Amino acid sequence: MPDPALTARMADAIRFLSLDAIERATDGHPGAPLGCAEMAVALFTRHLRCAPQDPLWPDRDRFVLSNGHGSMLLYAVLHLSGYAGMGMDQIRDFRVLGSHTHGHPEIAPEHGIETTTGPLGQGIANAVGMAVAEAKLAAEYGRDLVDHHTYCIVGDGCLQEGIAHEVISLAGHLRLGRLIVLWDDNRITDDGATDLSISEDVRARFRAAEWQVIDADGHDVEAVSAAILLAKGDPAPEPDRLPHGDREGPAPAGGPAWRPWRTRPAAGSRGGPRGQGLDASRLHRARRRRRRVARRRRGRNRDAYAAWQRRRETAPARPAGPSTG
Amino acid sequence: MTAGDLPDGWRETLRAARDRLAGQAKPGIDVAAELVGELAGAIPELFTGAPDLEGPTKHKQALSAFTAQERNGRYLHYGIREHAMGAMMNGMAAHRGLVPVGATYLVFSDYMRPSLRMAALMNLPVVTVYSHDSIAIGRNGPTHQPVEFLASLRAMPNMLVLRPADAVEAAECWELALGNREGPTSLVCARQELPPVRREAGGDNLCARGAYVIAEADGERRVTLIGTGSEVALALAARDILQGEGVPTAVVSMPSWELFARQEDAYRAKTIRKDTVRVAVEAAMRFGWDRWIGEDGGFVGMTGFGPLARRRISPVTSASQPRRWPGRLVCVSSVLNRRSRARDTNLPGIIADPTGHNHHRLHVLNVRIDAGARCRRPERSIRSGN
């Protein structure tokens with residue numbers, strides 16, 4: 001069990017890594033890193049079964065960031081998890097040609113990036129496909145060798161695209177119980193509040209498709225972790241609905257509808273969410289935290305990974321051996 | 001489950017099927033589906049499905065369905081959700097462990113276009129089989145008749161587009177599709193029966209070159225007819241007429257532009273010879289074809305959306321402006337190469353559909369080819385009825 005004090009600060013580490021990278025690149029989307037940091041911490045420290053030392057471990061859990069424009073969230077958490085290809089040089093080279101840290105994530109499973117996302121809705125649909133693959137392969141090879149979950153973080157935008165309606169419907173129909181979608185319900189998209197364009201009960205839409213819907217405070221790591229645990233116990237696919245506070249961007253006093261901060265503010269500003277009152281000393285402490293968190297994370301899941309390798313070695317041979325396309 | 005190749009033996013299975021199918025006339029999609037059935041035995045990881053088109057695409061074969069209750073199925077009923085199918089196949093391919101194949105109508109690729117692009121971007125080996133690939137689909141009308149889809153799929157980087165001419169080419173194209181591990185493949189099939197254009201078993205995979213001379217000219221070649229898919233048979237029939245009139249004509253079957261473009265210059269130059277009159281035949285828009293036939297090349301194909309219903313067919317003999325309506329196939333004449341001797345030549349066009357379908361008859365078109373002149377107006381135009 002990771003040090004609670006340390007993981008509690010991991011969210012700040014994710015935020016600062018992301019803000020630093022976006023500031024340096026002078027472009028990027030800080031919304032998801034700022035808003036979904038605790039969700040990522042809960043996933044990666046409590047639940048996601050992956051092996052950074054063997055990123056292509058076939059029985060790893062899959063994680064998809066469907067709102068791929070929030071790519072720094074993914075890169076930050078992969079960096080902190082110790083993926084060799086996601087070192088600090090990659091964070092510094094966010095959005096630089098030639099780096100692995102593209103503006104939107106591009107498929108590179110060896111670096112922990114399971115699929116390319118960017119166009120909203122593609123990621124959650126890929127995740128449904130991954131869950132189908134897991135279920136089919138488990139039936140073929142047995143739960144000793146195939147037993148993992150597919151996690152997906154989505155935003156409001158992903159859920160509006162038509163493809164999301166299609167796959168939510170199909171995933172419920174197929175009862176893909178190992179698919180867990182974490183929905184950052186912050187009611188914000190690019191134009192502003194979502195009620196500019198949508199007023200339906202999205203939770204009801206999930207329930208209508210026979211999903212289990214669990215609410216949790218998205219900024220409480222333990223609450224998110226408990227929700228995921230609850231989700232794992234149910235055979236229906238689950239979106240964890242995570243009510244989300246106003247952490248995304250500046251809220252001008254008394255102003256009209258505002259736009260979430262995406263690109264760099266005017267030259268000369270220090271960057272950072274203006275509502276947070278961050279200062280240089282906090283920045284420095286966050287950097288030290290990042291290094292400590294990274295060292296602790298690299299040892300995760302070693303036991304599970306080793307046990308799986310042993311099971312694989314002793315598994316009976318198949319007439320046509322396992323292979324992929 | 002780990003990164004690797006397809007299991008051994010699948011190519012041999014396909015080659016054996018190809019040789020067995022040589023000389024048989026079958027609907028294009030039926031052949032593709034039959035081969036899926038054989039491949040499912042050779043490749044246990046093959047996982048297919050269709051968006052509520054199990055009947056027309058026939059890709060379920062003997063496979064059982066993957067459902068909430070039965071996880072060992074290998075066919076997924078996606079429902080009328082093409083986009084879900086496309087993106088889920090991408091997820092399966094990214095996950096590894098399955099070889100995903102999907103089947104739908106060519107016109108409905110539009111519903112899954114973003115996921116096709118993502119597959120190409122991600123270099124995912126996803127195969128989508130398309131049926132009902134032209135105006136020859138029958139009487140469902142222009143909403144179901146693709147005319148611009150081949151051009152648009154060919155326009156997509158890293159998308160391998162294959163359009164086999166008969167059962168033998170279908171087997172060869174399946175081999176190319178599954179052998180393509182670097183990106184997605186579109187396998188474009190006809191709904192209607194395709195007369196065999198390759199009758200002999202054995203030999204290399206000729207489709208692997210992208211285009212090849214399926215019938216060489218008898219004499220010093222003066223005309224190169226290039227056909228794809230269901231139109232190769234028409235080109236061969238036209239060749240017979242031209243040879244009979246003393247015009248040595250070669251026919252090139254061109255199942256894949258991308259593969260042909262990768263061939264060495266010498267092969268391409270001798271296959272589609274620029275010193276001959278080049279005419280392409282494809283029941284689709286001309287867009288993109290000038291790359292292979294030149295701006296002055298001849299093209300027998302579509303100029304708009306397909307026709308709405310069956311019409312009585314009669315040739316237009318007036319040399320004045322022909323009446324225009326959607327679905328009329330027009331043949332644009334070609335300028336004879338300047339190096340040839342200047343003389344008038346009648347170039348008979350494509351004769352009536354040899355499959356005997358009443359839906360589409362492509363009448364003979366006489367076109368004047370004057371040395372150094374461009375004939376803009378055909379003497380007779382072709383109509384297609386639906």
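Computed over heavy atoms, backbone and side chain alike; hydrogens, waters and symmetry mates excluded. Bear in mind that the values here come from a model prediction, so they are computed numbers and not experimental data. Here is the naming used below: chain letters follow the sequence lines, and residue numbers restart at 1 for every chain.
- The contact between Phe47(B) and chain A is made entirely by side chain atoms (from C-beta outward), counting heavy-atom distances below 4.5 Å.
- Note on Leu76(B), Asp8(B), Thr67(B): by heavy-atom pairs under 4.5 Å with chain A, the leading option is Leu76(B).
- Heavy-atom neighbours of chain B within the stretch residues 99-111 of chain A, taken at a separation under 4.5 angstrom, comprise Ile107(A).
- For chain B, the option among Gly118(A), Ala131(A), Gly123(A), Ala135(A) with the highest count of heavy-atom pairs below 4.5 Å is Ala135(A).
- For the side chain to side chain contact (heavy atoms under 4.5 Å, CB included) with Leu176(B), the lone residue among Cys207(B), Ser256(B), Pro255(B) that qualifies is Cys207(B).
- At a 4.5 Å heavy-atom cutoff, the contact between Ser169(A) and chain B is made by backbone and side-chain atoms alike.
- In this structure, Tyr105(B) and Phe108(B) have parallel ring planes: the angle between them is below the 30° cut-off, well short of the 60° mark.
- At a 4.5 Å heavy-atom cutoff, the contact between Met92(B) and chain A is made by backbone and side-chain atoms alike.
- Heavy-atom contacts from other residues, nucleotides or ligands closer than 6.0 Å to CZ of Phe260(B) number more than 12.
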How far apart are the C-alpha atoms of His95(B) and His148(A), what are their side-chain angles, what is the distance that settles it, and do they pass the ring pair (Phe, Tyr, Trp, His ring centres under 6.0 Å) test? CA-CA 11 Å; His95(B) 180 280; His148(A) 56 267; 5.0 Å; yes

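- Within the 4.5 angstrom heavy-atom criterion, no atom of Leu46(B) approaches chain A.
- Using a 4.5 Å cut-off between heavy atoms, Glu82(B) touches chain A through its backbone atoms (N, CA, C, O) alone.
- Separation of the Phe149(B) and Tyr130(B) ring centroids does not fall under the 6.0 Å cut-off.
- Residue Val188(B) is tested with Thr228(B), Asp133(B), Val129(B) for a side chain to side chain contact (heavy atoms under 4.5 Å, CB included); the sole match is Asp133(B).
- No part of Ala127(A) comes within reach of chain B, as not one of its non-hydrogen atoms sits under 4.5 angstrom from that chain.
- For His165(A), no part lies under 4.5 angstrom from a heavy atom of chain B.
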